[in-house]
Amino acid sequence: MRPQPVTATMMDVIGGNAGRAVEQMGPDTEVVLKDVSGKGRSVGDPVEWRICETRPGPNQQITGYPVVLGVVRVAESCG
């Protein structure tokens with residue numbers, strides 16, 4: 001059985017480190033990391049990735065899971 005979302009607001013983590021954001025959201029939040037560079041890479045260690053976008057957007061209500069973090073490698077720009 002999947003956890004039901006609690007009333008929560010998406011933090012503004014855009015520009016931040018994906019590893020740190022996942023830690024801040026805690027173990028009860030289902031998070032998916034998606035490479036948004038267009039290269040279709042799998043995200044191994046989230047510490048090596050930077051957040052470009054989130055679904056839901058910053059400060060929006062989390063109404064379903066997973067939360068999606070669109071990321072690029074730390075050395076890359078979001079575009």
Side-chain angles (χ1 to χ4, degrees):
M1 187 164 156
R2 299 186 74 158
Q4 292 299 308
V6 295
T7 302
T9 301
M10 182 65 192
M11 298 179 292
D12 185 356
V13 293
I14 293 175
N17 182 276
R20 184 166 307 221
V22 170
E23 278 181 21
Q24 288 176 332
M25 288 185 209
D28 295 333
T29 304
E30 184 182 350
V31 179
V32 171
L33 301 176
K34 180 180 176 198
D35 179 10
V36 293
S37 69
K39 298 177 183 173
R41 301 170 292 196
S42 63
V43 179
D45 184 355
V47 172
E48 298 175 2
W49 296 78
R50 182 163 42 104
I51 302 166
C52 293
E53 59 188 51
T54 63
R55 215 166 41 238
N59 304 312
Q60 292 183 347
Q61 183 103 5
I62 298 173
T63 56
Y65 291 113
V67 169
V68 178
L69 303 181
V71 297
V72 295
R73 303 283 283 177
V74 169
E76 299 170 350
S77 64
C78 288

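Numbering of residues begins at 1 and proceeds along the displayed sequence.
Once rounded to the nearest 0.5 Å, the distance linking CE of Met10 with CG of Asn59 reads 9.5 Å. To the nearest 0.5 Å, the span separating CZ on Arg55 from CD on Gln60 amounts to 11.5 Å.
When all heavy atoms are compared, the tightest approach of Pro46 to Ala18 is O-CB, 3.4 Å.
Considering only heavy atoms from C-beta on, Ile62 stays 4.5 Å or farther from Met25 through its side chain. Residues Val67 and Tyr65 are in side-chain contact: their nearest non-hydrogen atoms beyond the backbone lie under 4.5 Å apart. Counting only heavy atoms from C-beta outward, the side chains of Ile14 and Thr54 approach each other to under 4.5 Å.
A single hydrophobic cluster is not seen to contain both Val68 and Val43; linkage of ILVMFWY side chains at heavy-atom distances under 4.5 Å, directly or through other members, places them apart.
Here the side chain of Asn17 pairs a donor or acceptor atom with the backbone of Val47 at under 3.5 angstrom.
For Gln24, the side-chain contact (heavy atoms from CB on, under 4.5 Å) test picks out Met11, Val13, Arg20, with sequence neighbours left out.
Residue Val72 belongs to a hydrophobic cluster whose other members are Val36, with links defined by side-chain heavy atoms closer than 4.5 Å.
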